[in-house]
Peer 1: 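For reference, the structure I am asking about is given below.
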Protein chains: 2
Amino acid sequence: MGLTERDASDEALRALAEPRRRAILRLVAHDELAAGEIAAAFEVSRTAISQHVTVLKNAGLLTERRDGTRRLYRARPEGLAELRTLLDEMWAGALDNARRLVEADRGLSDTDEEVGRAG
Amino acid sequence: MGLTERDASDEALRALAEPRRRAILRLVAHDELAAGEIAAAFEVSRTAISQHVTVLKNAGLLTERRDGTRRLYRARPEGLAELRTLLDEMWAGALDNARRLVEADRGLSDTDEEVGRAG
DNA sequence: CGTTAATGTCAGTCGTTGCTAACGTTAGCG
DNA sequence: CGCTAACGTTAGCAACGACTGACATTAACG
């Protein structure tokens, strides 16, 4: 079967996988900035930044607002929230696994598995 | 350039960007499975699965336990928690932005800080 | 209407990565 | 030992993605 997963969560997760895109997102999380201002914060060309911004916009992590020839961007909290929901789902599954180990530990003292260990 | 970010969060985020790796993670979130069992759940070769598991392990999202010639894997909740923390930081920034807009609507004026430049 | 400013888009290059096939490694069995 | 089973590892290839330079587009201004 096709493994070409194409939902919004996948797109947003893949967009966040890029360090440069995360930097852009942090930049526009505090203030609404124009494309030129964003590009000025990096050493790469404006073309690269424009493409990154397009990816972030398609992923629903960014909002575009036009003001004359300029285009202002800012982070979209809803997009981040969706990502956190996806992570929470996986986290719930892992927690279910951890709880199973804890229950097994109640009845058995032979196993030496460690769960929730800060390393 | 000096933008080669190499912390654990970056590695985990990039590991989760792959749909196949997310599927593996969901698989071992419910039960502890051997490498062969994981590979049997997909159409790709065992080699590909082994490499994906290595990536997930290096990202701190997986735990390896050896039993004879077999290697059992299960999800590590801490790794997911770190990712959620990273997302929460970004989310906090976006919320700060939203709160600023709300305060502006109420007529309050606040001092803004300069944006950190990369480079 | 022509010019400039701000920005997006296209084609091509190059590093990265997910994949397969072949080989190496470790643990159990006789 | 030799043999088998369950893995990981390496080399090589094809696809994807990030980047740059050149061109297209849109809006203000005289």
Side-chain angles (χ1 to χ4, degrees), chain A residues 1-7 10-28 31-59 61-74, chain B residues 1-7 10-28 31-59 61-74 118-119:
Chain A
M1 41 183 154
L3 197 53
T4 7
E5 193 179 340
R6 277 293 176 224
D7 52 5
D10 174 71
E11 213 166 347
L13 206 38
R14 202 165 44 184
L16 273 178
E18 204 63 31
R20 191 101 49 179
R21 280 195 284 263
R22 257 175 296 160
I24 293 175
L25 207 57
R26 289 183 194 275
L27 228 60
V28 296
D31 296 295
E32 191 178 32
L33 296 179
E37 294 176 303
I38 299 174
F42 299 96
E43 297 290 336
V44 295
S45 65
R46 293 191 307 278
T47 307
I49 299 300
S50 181
Q51 289 167 348
H52 281 312
V53 166
T54 299
V55 171
L56 288 170
K57 188 171 56 179
N58 289 338
L61 297 171
L62 231 54
T63 311
E64 185 188 285
R65 186 172 69 90
R66 308 173 84 124
D67 176 44
T69 67
R70 298 187 311 173
R71 306 197 180 184
L72 293 314
Y73 295 96
R74 69 175 166 89
Chain B
M1 308 309 183
L3 198 57
T4 1
E5 191 179 340
R6 277 292 178 225
D7 52 5
D10 174 71
E11 213 166 348
L13 207 39
R14 203 166 42 184
L16 273 178
E18 205 64 32
R20 192 99 51 175
R21 281 196 284 264
R22 256 176 296 162
I24 294 175
L25 207 58
R26 288 183 194 274
L27 228 58
V28 297
D31 296 294
E32 191 178 32
L33 295 179
E37 294 176 303
I38 299 174
F42 299 97
E43 299 289 337
V44 296
S45 66
R46 291 182 299 107
T47 307
I49 299 300
S50 182
Q51 289 168 348
H52 280 312
V53 165
T54 299
V55 171
L56 288 169
K57 188 170 56 180
N58 289 337
L61 297 171
L62 232 54
T63 311
E64 184 188 285
R65 186 172 68 91
R66 307 173 84 127
D67 176 44
T69 66
R70 299 188 312 174
R71 307 200 178 182
L72 293 314
Y73 295 96
R74 69 176 166 88

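Each chain gets a letter, A, B and so on, in the order its sequence line appears, and its residues count up from 1.
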Peer 1: May I ask you to verify if any side-chain N or O of Ser45(A) is less than 4.0 angstrom from the OP1 or OP2 atom of dT20(D)?
Peer 2: yes
Peer 1: By the 4.0 Å heavy-atom rule, please label Ala39(A) as base, sugar-phosphate, or nothing.
Peer 2: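 Since no nucleic acid heavy atom lies under 4.0 Å of Ala39(A), the category is nothing.
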Peer 1: Are any of Arg21(B)'s side-chain N or O atoms less than 4.0 Å away from OP1 or OP2 of dG18(C)?
Peer 2: yes
Peer 1: Here's a test of your reading of the structure: between Gln51(A) and Arg70(A), which maps to the more 5' nucleotide of DNA chain C?
Peer 2: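 Checking each residue's closest nucleotide, the 5'-ward one belongs to Arg70(A).
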Peer 1: Arg21(A): which residues meet the side chain to side chain donor-acceptor pair (under 3.5 Å) condition with it, sequence neighbours left out?
Peer 2: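 Here the qualifying residues are His52(A).
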Peer 1: With sequence neighbours left out, write down each residue that passes side chain to side chain contact (heavy atoms under 4.5 Å, CB included) with Thr69(A), or none if nothing qualifies.
Peer 2: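 By the side chain to side chain contact (heavy atoms under 4.5 Å, CB included) rule, Thr69(A) matches no residue at all.
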Peer 1: Using OP1 and OP2 only, check whether a side-chain N or O of His52(B) sits under 4.0 Å from dT17(C).
Peer 2: no
Peer 1: Please identify each residue that fulfils side chain to side chain donor-acceptor pair (under 3.5 Å) with Glu64(A), with sequence neighbours left out.
Peer 2: Lys57(A), Tyr73(A)
Peer 1: What residues form a side chain to side chain contact (heavy atoms under 4.5 Å, CB included) with Ala40(B), not counting sequence neighbours?
Peer 2: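 Expected list: none.
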Peer 1: Taking only residues two or more places apart in sequence or in another chain, which ones pass salt bridge (charged side-chain N to carboxylate O under 4.0 Å, His left out) with Arg46(B)?
Peer 2: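 Arg46(B) satisfies salt bridge (charged side-chain N to carboxylate O under 4.0 Å, His left out) with no other residue.
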Peer 1: Each nucleotide in nucleotides 25-30 of chain D should get exactly one letter: B, S or -. Can you fill that in based on protein heavy atoms under 4.0 Å?
Peer 2: --BS--
Peer 1: Taking atom CG of Leu25(B) and atom CG of Leu16(B), what is their separation to the nearest 0.5 Å?
Peer 2: 6.0 Å
